[in-house]
Amino acid sequence: MSGFIKVKVKELLLNNTLKLFLVSFTAFILKALMSAFVFLFTNTLLISPFLQDLVIKYNSLLVYFIYSLLTITLYFLLILFICGLKMGENAIYFMESKMSKAKFKYLFIFLRPSQSFRAFLLYFRLLFLKTLWALFFFSVPLFCVTLIIFLYVTTSSYALVLYTLIIGTAFLSSVSLFYYNCSKIRYSYAIYYLCTDLKISVTDAINKSIEHSDNFIKDGVILKSSFLFWLLSCMLFFPIFYVIPFTKLSKARFITFTDGLRYALPQTNYLPYTNKKGNRI
């Protein structure tokens with residue numbers, strides 16, 4: 001399946017690589033600029049004479065409390081902005097994986113407050129679930145690493161014992177990494193469902209993802225692992241222009257292919273997938 005998807009993606013990338021790269025590059029630049037702006041603004045305000053004058057003139061605790069609220073609000077808006085952009089980028093790749101041409105402006109379609117908040121809820125839930133799985137799978141290897149360090153520092157253990165522990169820990173870590181990637185594949189469909197249905201809840205999208213990915217978890221891990229060489233090649237030869245669209249579109253194509261295109265797109269008049277009559281574009 002991995003080879004079939006890659007061949008199909010290479011066909012989809014013909015005369016399309018530049019557009020998809022610009023989509024990802026624009027999303028990255030906008031997120032970086034907004035993050036830098038919020039960081040610089042909040043830190044500059046903290047050391048500005050204006051804030052110091054307010055501290056002297058009014059209650060310092062009250063001033064710093066208001067500053068904290070302002071900072072939290074700005075960073076929360078920044079997170080909503082990043083989630084909305086990320087969802088728009090995924091939507092474009094999903095449309096392209098379905099062989100439906102996506103316009104560049106669709107990158108900003110999920111910046112609407114309601115949609116960006118839905119995206120935030122989804123990414124927050126996924127981060128929470130993946131963190132729980134990471135703690136579950138990597139707790140034993142982490143304990144082994146701690147034990148190796150403790151034995152090395154506090155005792156004069158034989159080198160053979162330490163080497164055996166190191167090899168065993170490396171094996172456990174590789175097994176844990178495999179199963180952790182399996183858990184991540186279970187949730188990878190949820191973003192697709194949220195992109196294509198305005199009415200579906202975050203919980204339903206995650207549950208639907210778990211249900212529809214059950215038979216394709218191994219294939220998803222194999223596909224994801226096969227991009228390791230491509231990512232390493234970016235460090236050596238810098239072919240980011242091709243690798244980023246190739247990897248992202250392959251992941252989107254994997255989801256649309258395994259899902260069997262059985263999920264109906266929304267019949268709305270303002271999402272990029274349909275026109276005013278409700279027909280798919």
Side-chain angles (χ1 to χ4, degrees), residues 1-2 28 31-32 35 39 71-72 75-76 78-80 82-83 86-87 89-90 119-192 194 202-203 205-236 240 243-244 247-248 250-252 254-255 258:
M1 183 184 294
S2 176
F28 172 78
K31 288 184 285 188
S35 300
F39 176 80
T71 302
I72 293 172
Y75 274 100
F76 180 69
L78 173 64
I79 293 173
L80 291 181
I82 292 175
C83 291
K86 190 174 181 180
M87 187 64 72
E89 181 184 4
N90 286 325
F120 163 74
L121 291 178
L122 175 65
Y123 287 122
F124 179 80
R125 286 279 299 276
L126 294 181
L127 177 62
F128 177 74
L129 292 171
K130 291 175 183 178
T131 302
L132 291 180
W133 281 114
L135 293 174
F136 176 76
F137 286 121
F138 293 108
S139 58
V140 175
L142 183 60
F143 172 78
C144 293
V145 170
T146 305
L147 180 62
I148 291 173
I149 296 174
F150 176 78
L151 292 176
Y152 179 79
V153 173
T154 60
T155 65
S156 56
S157 302
Y158 293 106
L160 181 60
V161 174
L162 288 177
Y163 291 153
T164 303
L165 288 173
I166 292 173
I167 294 173
T169 301
F171 174 75
L172 284 175
S173 299
S174 61
V175 173
S176 298
L177 183 61
F178 172 79
Y179 281 105
Y180 174 66
N181 283 325
C182 289
S183 67
K184 291 174 64 177
I185 296 298
R186 299 181 74 208
Y187 306 118
S188 59
Y189 291 53
I191 300 173
Y192 163 65
L194 213 69
V202 172
T203 301
I206 293 175
N207 292 336
K208 208 173 186 67
S209 176
I210 294 173
E211 176 187 354
H212 288 182
S213 63
D214 273 347
N215 297 325
F216 307 103
I217 292 178
K218 182 185 71 174
D219 299 296
V221 174
I222 293 175
L223 178 65
K224 184 177 180 180
S225 302
S226 66
F227 290 119
L228 180 61
F229 172 77
W230 288 93
L231 297 176
L232 291 175
S233 68
C234 291
M235 301 174 60
L236 300 175
I240 295 179
V243 172
I244 290 179
T247 54
K248 288 181 178 290
S250 296
K251 294 175 182 178
F254 167 77
I255 294 173
T258 55

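Position 1 is the first residue of the sequence; numbering continues from there.
- To the nearest 0.5 angstrom, Y163 atom OH is 12.0 Å from I148 atom CD1.
- Side-chain contact check for S35 versus I82: some heavy-atom pair is nearer than 4.5 Å.
- Ring geometry for F216 versus F254: interplanar angle over 60°, hence perpendicular rather than tilted (30 to 60°).
- Closest approach of F138 to S173, counting heavy atoms only: CE2-O, 4.2 Å.
- Using modelled atom types, one side-chain atom of S209 and one backbone atom of R186 make a donor-acceptor pair closer than 3.5 Å.
- With a 6.0 Å cutoff to the six-membered ring centre and a 45° limit on the axis angle, K86 counts as a cation-pi contact of Y123.
- Note that NZ of K130 and CG of N181 are 10.0 Å apart. Values are rounded to the nearest 0.5 Å.
- The main-chain N or O of F171 is found under 3.5 Å from a side-chain atom of S174 such that the two form a donor-acceptor pair.
- Environment of CZ in F76: crowded, with over 12 heavy atoms of neighbouring residues, nucleotides or ligands closer than 6.0 Å.
- Heavy atoms only, all atoms of each residue included: T169 and C144 are closest at OG1-CB, 3.3 Å.
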query = Could you go step by step and tell me if I255 and I191 meet the side chain to side chain contact (heavy atoms under 4.5 Å, CB included) rule?
reply = CA-CA 10 Å; I255 294 173; I191 300 173; over 6 Å; no

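- When all heavy atoms are compared, the tightest approach of C182 to I217 is CB-CG2, 3.5 Å.
- The environment of Y179 atom OH is sparse: at most 12 non-hydrogen atoms of other residues, nucleotides or ligands sit within 6.0 angstrom.
- Here L142 contributes atom CG and L147 contributes atom CG; the two are 11.5 Å apart, rounded to the nearest 0.5 Å.
- Few gaps surround OH on Y75; more than 12 heavy atoms of other groups in view lie less than 6.0 Å from it.
- Ring geometry, W133 versus F137: the interplanar angle falls under 30°, so the pair is classed parallel (tilted spans 30 to 60°).
- Rounding to the nearest 0.5 angstrom, the gap separating the CD atom in E89 from the CZ atom in F28 is 11.0 Å.
- Using a 4.5 Å cut-off on side-chain heavy atoms (C-beta onward), I185 and D219 make no contact.
- K31 NZ to C83 SG: the interatomic distance, rounded to the nearest 0.5 Å, is 9.0 Å.
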